[in-house]
Protein chains: 2
Amino acid sequence: MTTIKDIAKAAGVGLGTVSRALNGEPNIRPDTRDRILTVAWKLGYRPNEAARQLARGGFSSTTIGVVLPSIIHPFYFEILRGIHSAFSEIDKNMMVFNLGAYEELVVGHIAKENLAGIIVVAAGISHDSLSHLNAQNTNVVFLDRHEDHAVSFWIDNMLGGSLAAKYLVSAGCGKIAYIGDSGESQQQDDRLHGFRTELSRAGKTLSNETYIHIDEKTAYNAAAAVLQSGGIDGVFCFCDRIAYGVMQYMKEQSISARIIGYDDAPASQYLGLSSVRQPAFEMGYDGAMTVANYSKKDKPKSRVFLPVVVDRGS
Amino acid sequence: MTTIKDIAKAAGVGLGTVSRALNGEPNIRPDTRDRILTVAWKLGYRPNEAARQLARGGFSSTTIGVVLPSIIHPFYFEILRGIHSAFSEIDKNMMVFNLGAYEELVVGHIAKENLAGIIVVAAGISHDSLSHLNAQNTNVVFLDRHEDHAVSFWIDNMLGGSLAAKYLVSAGCGKIAYIGDSGESQQQDDRLHGFRTELSRAGKTLSNETYIHIDEKTAYNAAAAVLQSGGIDGVFCFCDRIAYGVMQYMKEQSISARIIGYDDAPASQYLGLSSVRQPAFEMGYDGAMTVANYSKKDKPKSRVFLPVVVDRGS
DNA sequence: TTGAAAGCGCTAACAT
DNA sequence: ATGTTAGCGCTTTCAA
């Protein structure tokens, strides 16, 4: 391994001069600079980032951490795409952490990495861990998760729910069912809240709620159970994947009911499925730009609410 | 920021002892160890990874670099999902680099990061950069790219092409067209080569080749041009996105022709589109496990060929 | 079992 | 413009 010491010796100069040359600092004679650079190149020199960081007491500043849940839905993928796209524009890199079983471990690891910032996507980080992160005075941005004293981007799930309800109601549905995810989530709660509120405003109520493990097959089965009970003519699904299963059942049984999904997955437009579109890519993009740019002085505004829209299947 | 020095002072011990306690080394009295650990905890101590690395002269060993093209197709996304899934199993993290315009810059950056290994996805890294990487004796694995003196996973595109041809031929197509990507790629060349070979084995030949910028709309237009010319009853598309555009045109015009895509995108099964399925997720997963596990001593076998299969639309 | 001290490779402040 | 030196926080001898 070549060090600046080797270069200094080979070029017959001092360590400081080498450092200056390598870092493109001004106070150095062009010809010595060139000589040093040539030697460095010939020796195959590569700076040791760890040493550099240590000496500067600084941060890597070009790498930003992204904490992801270990299972990625298409929705998170869109977010990730947005982040990736932003970072490729501004020449940052991301370090992706899997928030799996050992949260403590991961958080400790993150704190050690000297990152310029962190984006936490949807993951359920404990408040304890959070304050650790904050103590490291790392810039943190939350996506799809609402944190009180932090910068967070949040999709308006209540709006999404109420739009879904409006869609079904205005389509003339009378008996409406919901098929959701059996896991707990703030997102689902909010959507349902918005959905119910809008429904009751229209003088209607939810006739059936079924919660399943997300999967086309279980969705198919759930659809069978829900639709056989009779009279259901409108279904709101927690996500498009569930909706696909439902659609398939409806197609096979020639049942016609209005159905609306959530996420607006790429497939949906081709399948003619109406769906609530979340600005996932944008959220990723904006979030990424935000961590990358913010300084402690002018902290960006917390709580950015992103609206959703309904995409009508053709 | 708390350092081991602070801890040493607070606990009334030497630096070495603190280090030993923190690293769980054996030669230390349990009670001093506990005392130190308590102090460290109270002081909110976090080890400085840079300093550690520097002192040990070691590698981060828990982080693996992933070089991605800056534009991500769904196919690459599947690969990424596979990588992510593997890494969450074995508790590694990935550092994602965008291989954008400034290849040299990125490669330099990578070399500096002290990574345990690197996965290069599909990207066109120059041989020069490659040898730099090799000189750093970093483990490198290529995905969807064939490199001679490196470990590389490669999908059998020739097989894919020939399977597509078989599909169309056995469906009784007589006049066959190809709609491809206007960009250059080894992948496309291989697919076409396989396709042509199989076609000629069946005594047929390609009647029309059209190359477009990938996009549903241009695909739609291309389909119009290709299918209007008359008699075409089989179309092979470079990817499913192109196929969607073609299908839409066919549907609108009530034209019936056999069509086969590539990638087996999630939407395709719902749309009833037959497609060549590439084991993208598996490739990511296997590749990730490979970089993570290999040691210079028993280098894993280079050139892993992954087969494809045709997924028939229902 | 523990403390002291010598670096790891680099930067930055201080001399020259 | 350039050389010298003192650390950055940590690990690891080497003594004690």
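Every chain is numbered from 1, with letters handed out A, B, ... down the list of sequences.
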Euclidean distance, atom CG of residue A/Leu43 to atom P of C/dG9 [Å, nearest integer]: 14 Å
When the nearest nucleotide of DNA chain C is assigned to A/Thr3 and to B/Pro30 on a heavy-atom basis, which residue is associated with the more 5' position? B/Pro30
Report the distance from atom CD1 of B/Ile36 to atom C1' of C/dT1, rounded to the nearest whole Å. 11 Å
Output the rounded distance in Å from NZ (B/Lys5) to C1' (C/dA5). 13 Å
Calculate, to the nearest 0.5 Å, the distance between atoms OG and CE belonging to B/Ser88 and B/Met94 respectively. 8.5 Å
B/Asp286 side, atom CG; B/Ile79 side, atom CD1 - distance, nearest 0.5 Å: 11.5 Å
Shortest non-hydrogen pair, A/Gly284 vs A/Leu143, comes out as CA-CD1, 4.0 Å
So, is A/Thr32 near the phosphate of D/dT2, with a side-chain N or O under 4.0 Å from OP1 or OP2? yes
5' to 3', nucleotides 11-16 of chain C under a 4.0 Å protein heavy-atom cut-off (B base, S sugar-phosphate only, - none) gives BBB---
Measure the distance from CD1 on A/Ile7 to P on D/dT2 and round it to the nearest whole Å. 16 Å
Minimum-distance pair of heavy atoms, taken over all atoms of B/Ile118 and B/Ile64: N-CG2, 4.2 Å
Could you state the atom-to-atom distance from CG of A/Asn48 to P of C/dC10 in whole Å? 6 Å
Among D/dA1, C/dC10, D/dC10, find the nucleotide with the atom closest to the side chain of A/Pro47. C/dC10
Can you measure B/Arg29 atom CZ to C/dT1 atom P for me and round it to whole angstrom units? 9 Å
d(CD1, A/Ile28; P, D/dT2) in whole Å: 6 Å
Out of the candidates B/Asp156, B/Asp144, B/Asp263, only one should pair with B/Gln278 under the side-chain hydrogen bond (donor to acceptor under 3.5 Å, both in side chains) rule; please name it. B/Asp263
Atom CG of A/Asp34 and atom P of D/dA1 are separated, to the nearest Å, by 14 Å
Consider side-chain hydrogen bond (donor to acceptor under 3.5 Å, both in side chains). Of A/Asn27, A/Asp31, A/Thr32, which one does A/Arg29 pass it with? A/Asp31
Measure the shortest side-chain to side-chain distance between B/Val96 and B/Val67 over non-hydrogen atoms and say whether it is less than 4.5 angstrom. no
